[in-house]
Structure formats: C-alpha cells, structure tokens
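Report on one structure; see the data block that follows.
Any value given below was found using the heavy atoms of this structure, including those in side chains, with hydrogens, waters and symmetry copies removed. Computed from a predicted model, the values in this text were never measured in an experiment.
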Amino acid sequence: MLKREMPETLYYDCPECGEETEHQILKGRMGKASIEGTFKCLGCGRVTSETIKIPELIEVPVVFSDGDVSETVRTTIESNDIIQEEDEFFLDDGRRVQVTHIDTINGKLVKKTLATNVRKLWVKQFDVLSIKVSVNDDSRTYSLRVEALPDDEFVVGTQLSFEDFDCLIHAIKTKHSLVKKGAAEARDITRIYGKYRKKRYDVLEFEDDEEEDFEDFDFDEDDE
C-alpha cells in the first residue's frame, strides 16, 4: 500500500447535518486505512474524537496517448473510486487526461468499474481540445477546427472569428443532443455549426492632426 500524507480535511457523514460534510482534522494519527483523531465539522461546528476509515491509495499502469505519441506511466487512484470511460482526472505528473478504455484484472474491457478491479487504464491528453466546426456560406460547407479548453463554453448566437471571416453559431452538436439555444462546454461538443459572415474590421477614428504652429521668421540674406 502506498503511504499518504495527512490531509487537512476529510469528507464523511455528519450525524448533526445528516449528510456528508467536510471535516477539519484538528489532530490525528494516520493508520494504514484510517485516521484516528479529533475532527470538526465545517457545516455545524460539531467536534468529535473518533476513527475514520479512508480509502487506500493504489498505483495502476496508464497508457497515455497524445495524438500519435503514446507512453506507459503509473499513477495513483483511491481504492473506492469508481472509474468509468470519459472520466477526467490528473495524472500524478499533473497532466490532465480523459479515460478512453479500462482493462480489468479479469482481462475484460469494461466501461465502468471499482478502482481495485483496474489492471490498466488507457487515457488521452485532455487539456487543449480541437473542436470541429462546419461553416456554411449558402453555396458550400467548410470544415474547420478551433482549439478550446474543456471548460470553455460556446454559445448559440455568438460569433467565432477565423483569419479571413467570421462564423455565426446557429447550432451545437454535443455527445447527448443538438443544442439550438443556449450553450455547451467544449468537453461535450462533437461539432459546431455556423453561418459565414464577412469579416468586419473596426474603423479606427483618428483625430485631425492639429496644425503645427510655425513661427514666422525672416531669412537671413546671408544664408541664401
């Protein structure tokens, strides 16, 4: 079992609040799979001394893909985690990834399982996404891409800017539906549909140059 550091807070059920709440660890001693100590509920302020079970940290191999490049690394997950395809998380080295396949200890590929059943995970880079965009100019449709972070939102009725033209978004296809009103996060988008718009440039207004004041002077005849 991997050794873990004492956290500052824990989430567990509070009998006063009647739900799982965050508890500050006032003092404690870390065991193999538990923390014995004094805890303060940050919801109701209840202070108790007790032993709280915590999940074990387990290390699993991960096949990481970024485009055509793949490598195998290892990362830690908690034993009570439910792992499923399309989950997003950070590897131990800080890279943001999304689960694409899950290989279990019984040799089966599954879409969802408990962390202790995982033999190997396949993940892909999930930081800067390349979103497909279809732009129609009434005679043909152009296929383009825009880059976005997973949390970025695209809104129907707003405009995307490309180098030579703009695109008015009229629909967004997500993994679950076709959005014709509202917004969608980049992580859920499979394609954006838009109408061609001639690019407009802001016209800069310049103030008339003030006439320079020239001082009158007389030529010295000797200078001629």
So how far is it from [X] [atom1] to [Y] [atom2], rounded to the nearest 0.5 Å?
| X | Y | atom1 | atom2 | value |
| --- | --- | --- | --- | --- |
| D92 | T75 | CG | OG1 | 3.0 Å |
| I189 | T174 | CD1 | OG1 | 8.0 Å |
| L42 | E22 | CG | CD | 5.0 Å |
| I83 | L121 | CD1 | CG | 6.0 Å |
| C17 | H23 | SG | NE2 | 7.0 Å |
| K112 | I82 | NZ | CD1 | 6.5 Å |

>> For Y12 and F39, take the angle between the two ring planes, folded into 0 to 90°, and tell me which bin it lands in: parallel under 30, tilted 30 to 60, perpendicular over 60.
In response: perpendicular
Please say yes or no: joined through hydrophobic side-chain contacts below 4.5 Å, possibly via intermediate residues, are [X] and [Y] part of one cluster?
| X | Y | answer |
| --- | --- | --- |
| L160 | L129 | yes |
| I102 | V60 | yes |
| V118 | L114 | no |
| V62 | V110 | yes |
| I77 | I105 | no |

Looking only at non-hydrogen atoms, find the nearest pair between [X] and [Y] and report the distance.
| X | Y | result |
| --- | --- | --- |
| I35 | I25 | CD1-CD1, 4.2 Å |
| E5 | M30 | O-CE, 3.4 Å |
| R197 | L168 | NH2-CD2, 3.4 Å |
| V179 | V156 | O-CG2, 3.7 Å |
| I172 | F154 | CD1-O, 3.3 Å |
| A171 | L178 | CB-CD1, 4.3 Å |

Next on the checklist: With side chain to side chain contact (heavy atoms under 4.5 Å, CB included) as the criterion, how do K175 and T190 come out once you've worked through the C-alpha distance, each side chain's angles and the decisive distance to 0.1 Å?
Outcome noted: CA-CA 6 Å; K175 299 171 184 174; T190 57; 4.1 Å; yes
From the list D166, D137, D138, salt bridge (charged side-chain N to carboxylate O under 4.0 Å, His left out) with K195 holds only for D138
| said: Given R96, which partner from the list D87, D66, D151 fulfils the salt bridge (charged side-chain N to carboxylate O under 4.0 Å, His left out) test? | reply: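 Passing option: D151.
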Hey, are the side chains of [X] and [Y] touching, using non-hydrogen atoms and a 4.5 Å cut-off?
| X | Y | result |
| --- | --- | --- |
| S161 | K199 | yes |
| V128 | L149 | yes |
| V99 | V97 | no |
| I169 | V155 | no |
| T141 | Y193 | no |

Suppose we screen for side chain to side chain donor-acceptor pair (under 3.5 Å). Which residues come up paired with D188, at least two apart in sequence or across chains?
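In terms of side chain to side chain donor-acceptor pair (under 3.5 Å), with neighbours along the sequence ignored, D188 is linked to no residue.
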Ionic contact status for R95 with E71, cut-off 4.0 Å: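 Yes, charged N to carboxylate O under 4.0 Å.
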Would you say [atom1] of [X] has more than 12 non-hydrogen atoms from neighbouring residues, nucleotides or ligands within 6.0 angstrom?
| X | atom1 | value |
| --- | --- | --- |
| Y11 | OH | no |
| K53 | NZ | no |
| H170 | NE2 | yes |

Taking it one step at a time, do E20 and D13 satisfy side chain to side chain contact (heavy atoms under 4.5 Å, CB included)?
-> CA-CA 4 Å; E20 186 176 84; D13 289 335; 3.5 Å; yes
Taking T38 for the side chain and K27 for the main chain, is one N or O donor matched with an acceptor at less than 3.5 Å?
no
query: Knowing that exactly one of L57, T116, I54 qualifies, which makes a side chain to side chain contact (heavy atoms under 4.5 Å, CB included) with S79?
result: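 Answer to the side chain to side chain contact (heavy atoms under 4.5 Å, CB included) test with S79 among L57, T116, I54: T116.
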For this session: Evaluate side chain to side chain contact (heavy atoms under 4.5 Å, CB included) for Y196 paired with N136, printing each intermediate quantity in order.
Result: CA-CA 6 Å; Y196 170 89; N136 183 272; over 6 Å; no
Could you walk me through whether K124 and Q98 pass side chain to side chain contact (heavy atoms under 4.5 Å, CB included), step by step?
CA-CA 5 Å; K124 65 179 180 181; Q98 185 181 55; 3.1 Å; yes
